[in-house]
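Following: one structure in C-alpha cells, then a few remarks.
Order of the sequence lines fixes the chain letters, A, B, ..., with proteins taken first and strands second; residue numbering starts at 1 for each chain.
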Amino acid sequence: MTIHFYNTLKRTKETFKPIDATRVRMYVCGPTVYDYAHIGNARPVVVFDVLYRLLRETYGEDHVVYVRNITDVDDKIINRAAESGETIGAITQRTEQAFLADMGALGAMPPDHQPRATEHIPGMITMIGKLIAAGHAYEAEGHVLFNVASYRAYGELSGRNRDEMIAGARVEVAPYKNDPADFVLWKPSTPDQPGWESPWGRGRPGWHIECSVMSEKHLGPTFDIHGGGQDLIFPHHENEIAQSTCAHGGAKFVNYWLHNGYLMAEGEKMSKSLGNFYTVHDLLKEFPGEAIRLALLKTHYRQPLDFRKVGIADAKKELDEFYLALRNAGDVKADVPDHPPVAVIAALSDDLNTPKAIAHLFELKTRLNVARDAGEKALLKGELLLAGDVLGLLGQSPDVWLRGAGHVGGLSDADIDALVGQRIQARAAKDFATSDRIRDELAAQGIILEDGAGTTAWRRQ
RNA sequence: GGCGCGGUGGCGGAGUGGCUACGCAGCGGCCUGCAAAGCCGUGUACACCGGUUCAAAUCCGGUCCGCGCCUCCA
C-alpha cells in the first residue's frame with residue numbers, strides 16, 4: 001500500500017518513499033521533563049504512535065526505527081528546581097517516569113530509542129565545534145551562536161524570510177548577536193546552574209542542538225520522517241534543519257516533516273487559570289487511557305482539536321460498543337488474518353486518516369454483530385481486532401474493559417455474581433418482581449445487566 | 001504588521017466539483033416477561049456575500065468569526 005503524507009516542507013501531500021525500506025527512520029520531538037504531560041503533549045505521542053504502527057505494518061516490524069528524545073536540561077527545569085527546592089535530577093527522573101507511564105496508559109508503544117539530552121553533551125560539543133570550524137557559528141561573550149546568514153535556505157520549513165522575521169520580532173535582540181536572527185547553540189552557566197566544560201567555558205546547550213545530535217546518532221545525517229507539533233515548526237525545527245544541514249556539509253536532513261495541529265480544551269486555549277489545563281495524569285483518574293486515546297484519534301492529526309471531557313465520555317461509550325461486540329462474539333475464537341483490512345490501511349496510508357479508519361472499525365463491528373455463521377464471525381472478529389491493533393485500540397479483554405478493572409468502591413465482582421445468580425433463579429421461577437428488583441438495585445450502582453440465551457452478562461457503566 | 005490554520009446536520013467529525021461518510025444523541029420499528037445489548041429505518045448539514053460552471057459545501061474573489069507562530073521563554 002502506497003503511503004502519502006502531507007509534508008510541511010513542501011506544503012503538499014506527497015508519496016512516501018523511504019530511503020531504505022528495510023530501515024525506515026522517524027524522529028519525534030519528546031517532552032521537556034519538568035512537569036506532568038498535558039493532553040496537548042499527548043496528541044503528538046498518540047498520533048505518531050499510529051504512524052509508527054502503520055510503518056511497522058507496511059515495512060515490517062523490524063524495519064522501522066523510531067526515536068523520541070527526552071529533554072532533561074532546560075531553563076524551565078532549572079526554574080522549577082529553584083522554585084520547589086527539589087533537585088534537578090529528582091525532577092527529571094520523576095517526570096520522565098510519569099511521562100512514560102502516562103503514555104503507556106494511552107496505549108503508545110515505547111520508541112526504539114529514547115535518548116536523554118544530558119547523555120549527549122559531548123556529541124553536542126562536537127557538532128558545535130564543527131559548525132564553528134565551517135563558519136556557520138561563532139563565539140560571543142561565552143555564547144556560541146548559529147550564523148543564520150550562512151545558511152541560504154533558512155526559513156524553508158516555516159515559509160518565512162529573514163527580513164520578515166527581523167521586522168516582526170517582538171523580543172529585544174541580545175547585544176552579543178551579530179545578526180538578530182542568530183540563535184544560541186551553547187550558553188554559559190552560572191556556578192549554581194547545571195553546566196558542562198566546553199571549549200567555550202562551562203555552559204549548557206541551547207534548545208535546538210540536542211535534537212540534531214540525537215537524531216544523527218541513531219538515524220544518521222539524513223532520515224525519513226520528523227514529527228512534532230505545529231508549534232515547533234518555528235523556530236525549533238527550522239533551527240534543527242539549519243544546524244544539521246550545515247554540520248553535515250549540506251546533506252539533506254529530513255525528507256518528510258509531519259506536524260500535528262493545535263489543541264484547545266473546552267473551547268479555549270489551555271491554561272491553569274481557566275481550569276481547563278488537563279494533565280494526562282489527572283485525566284487517567286477519571287477515564288480509561290484507551291478512551292482518551294480514541295478521543296484524540298477521532299480527529300485527523302492536522303486538524304485543530306478542541307479537547308473536551310464530554311468527548312472522552314463519548315469515546316468511552318463507543319469503546320463499550322466495540323467491546324460488547326467482541327464479548328458477544330465470545331463463542332468463537334478470532335480468526336486473525338495476516339494483515340489488517342485493506343480499507344483501514346488505505347485510510348491510514350492517506351496521510352493518517354484515523355477518523356476514516358475508525359469509521360471502518362464501526363462497519364466491522366456492525367457486520368460482526370449481524371454475522372451468524374461461525375466462520376464468518378471468527379474472521380470478522382479477527383479483522384476487527386487487527387484493525388484495532390494498528391490504531392492501538394481494542395487490545396484489552398472485553399470482560400476486563402466492561403467490568404471496569406481498577407474500579408474503586410461499590411460492589412465486588414463476587415457480590416455482583418451472587419446477585420446475578422439469584423436473579424437467574426428468580427427469572428427461571430417467573431418471579432419477575434424479584435428479578436426486576438435485583439436489576440434495579442444493580443442499576444442504581446451502575447451495573448448494567450444483559451440477559452442472553454440462558455445467561456446474564458453484566459458490566460459497569 | 002508578517003506568515004499560517006480552521007469555520008460541515010443537536011453534538012463529534014471525514015470528504016471535496018454531480019453519487020448515504022461514519023459515530024453519539026433523538027425518533028419509529030423488530031427482538032425481549034419487561035429491560036439491556038443488538039439489528040432495521042429515520043436527519044434535503046457544509047459561516048456569510050458575490051462569481052465561474054449544465055452542476056459548488058467542494059474552484060475563484062471578498063467579508064465576518066475563532067486559533068497559532070513571528071528567535072535563547074513551546
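For the ring pair (Phe, Tyr, Trp, His ring centres under 6.0 Å) condition, the pairs that include at least one residue of residues 354-396 of chain A, sequence neighbours left out, are A/Phe322-A/Phe362.
If you take CZ of A/Arg403 and P of B/A36, they are 20 Å apart, rounded to a whole angstrom. Counting to the nearest Å, the P atom of B/G33 and the CG atom of A/Asp431 are 16 Å from each other. Computed from coordinates, the A/Leu380 CG to B/C39 P distance equals 13 Å when rounded to whole Å. The distance between atom CG of A/Leu258 and atom C1' of B/C5, rounded to the nearest whole Å, is 16 Å. In this structure, A/Arg459 places its CZ atom 7 Å from C1' of B/A36, rounding to the nearest Å. Residue A/Ile233 contributes atom CD1, which lies 10 Å from atom P of B/C5 at whole-angstrom precision. Atom C1' of nucleotide B/G12 and atom CD1 of A/Ile292 are separated by 17 Å, given to the nearest angstrom. Summarising the geometry, the separation between CZ on A/Phe234 and P on B/G4 is reported as 14 Å, rounded to the nearest angstrom.
Phosphate proximity of B/A37 to A/Asn328: absent, as no side-chain N or O sits under 4.0 Å from OP1 or OP2.
At a threshold of 4.0 Å, the pair A/Asp413-A/Arg460 counts as salt-bridged, since one of the basic side-chain nitrogens sits closer than that to a carboxylate oxygen. Ion pairing of A/Asp49 with A/Arg293 is present here, as a side-chain N (NZ or NE/NH1/NH2) and a carboxylate O approach within less than 4.0 Å. Ion pair A/Asp451/A/Arg423 flagged as a salt bridge, since at least one NZ, NE, NH1 or NH2 atom sits closer than 4.0 Å to an Asp/Glu carboxylate oxygen. Using a 4.0 Å cut-off between charged nitrogen and carboxylate oxygen, A/Asp431 and A/Arg427 do not count as a salt-bridge pair. Here A/Asp440 does not pair with A/Arg437 in a salt bridge; the nearest charged N to carboxylate O distance is not below 4.0 Å.
Distance from the side chain of A/Arg427 is smallest for B/G33 among the nucleotides B/G33, B/G38, B/C5. Distances from the side chain of A/Leu305 to the nucleotides B/A36, B/G38, B/G13 place B/G13 closest.
From A/Phe277, atom CZ reaches atom CG of A/Asp282 across 10.0 Å, with rounding to the nearest 0.5 Å.
In the model, A/Tyr323 has a side-chain atom that pairs as donor or acceptor with a side-chain atom of A/Glu290 under 3.5 Å. A donor-acceptor contact under 3.5 angstrom links the side chains of A/Asn69 and A/Thr71, judged on distance only.
Only the C1' atoms considered, B/G15 is 23 Å distant from B/A25, to the nearest whole Å. Rounded to a whole angstrom, the distance from the C1' atom of B/C30 to that of B/A36 is 15 Å. To the nearest whole angstrom, the two C1' atoms, one in B/U58 and one in B/G6, are 16 Å apart. Comparing the P positions of B/C24 and B/U42 gives an interatomic distance of 16 Å, to the nearest angstrom. As rounded to the nearest Å, B/U8 and B/C40 have P atoms that lie 29 Å from one another. B/C70 and B/C54: their P atoms are spaced 47 Å apart (whole Å). Between B/U20 and B/A57, the two C1' atoms lie 16 Å apart (nearest whole Å). Nucleotides B/A55 and B/C65 have their P atoms positioned 32 Å apart, rounded to a whole Å.
Within the 4.0 angstrom heavy-atom criterion, base atoms lie near A/Asp451. Within 4.0 Å (heavy atoms only), A/Arg439 reaches at least one base atom of the nucleic acid. Within 4.0 Å (heavy atoms only), A/Arg302 reaches no atom of the nucleic acid at all. Contacts of A/Leu449 with the nucleic acid, taken as non-hydrogen atoms under 4.0 Å apart, include base atoms. A/Arg423 comes within contact range of at least one nucleobase, with a heavy-atom separation under 4.0 Å. Within 4.0 Å (heavy atoms only), A/Asp320 reaches no atom of the nucleic acid at all.
Positionally, the nearest nucleotide of RNA chain B for A/Arg11 lies more toward the 5' end than for the other of A/Arg11 and A/Gly452. Between A/Asp231 and A/Asp306, the residue anchored closer to the 5' end of RNA chain B is A/Asp306, taking for each the nucleotide with the nearest heavy atom.
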If a protein heavy atom is under 4.0 Å from the base, mark B; if only from the sugar-phosphate, S; if neither, -; do that for nucleotides 14-24 of chain B going 5' to 3'.
SS-----BSSS
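Not a single donor-acceptor contact under 3.5 angstrom links the side-chain atoms of A/Arg308 to the base of B/G12.
Between A/His226 and A/His237, the two ring planes are perpendicular [angle over 60°; tilted spans 30° to 60°].
A/Arg116 contributes no side-chain N or O that, together with a main-chain N or O of A/Ile70, makes up a donor-acceptor pair within less than 3.5 Å.
In RNA chain B, consecutive stretches of 3 or more Watson-Crick or G-U wobble pairs with both distances under 3.5 Å are given as paired ranges: B:1-7 with B:64-70, B:10-12 with B:22-24, B:26-30 with B:38-42, B:47-51 with B:59-63.
Around the CD atom of A/Gln461, the shell of radius 6.0 Å holds no more than 12 heavy atoms that belong to other residues, nucleotides or ligands.
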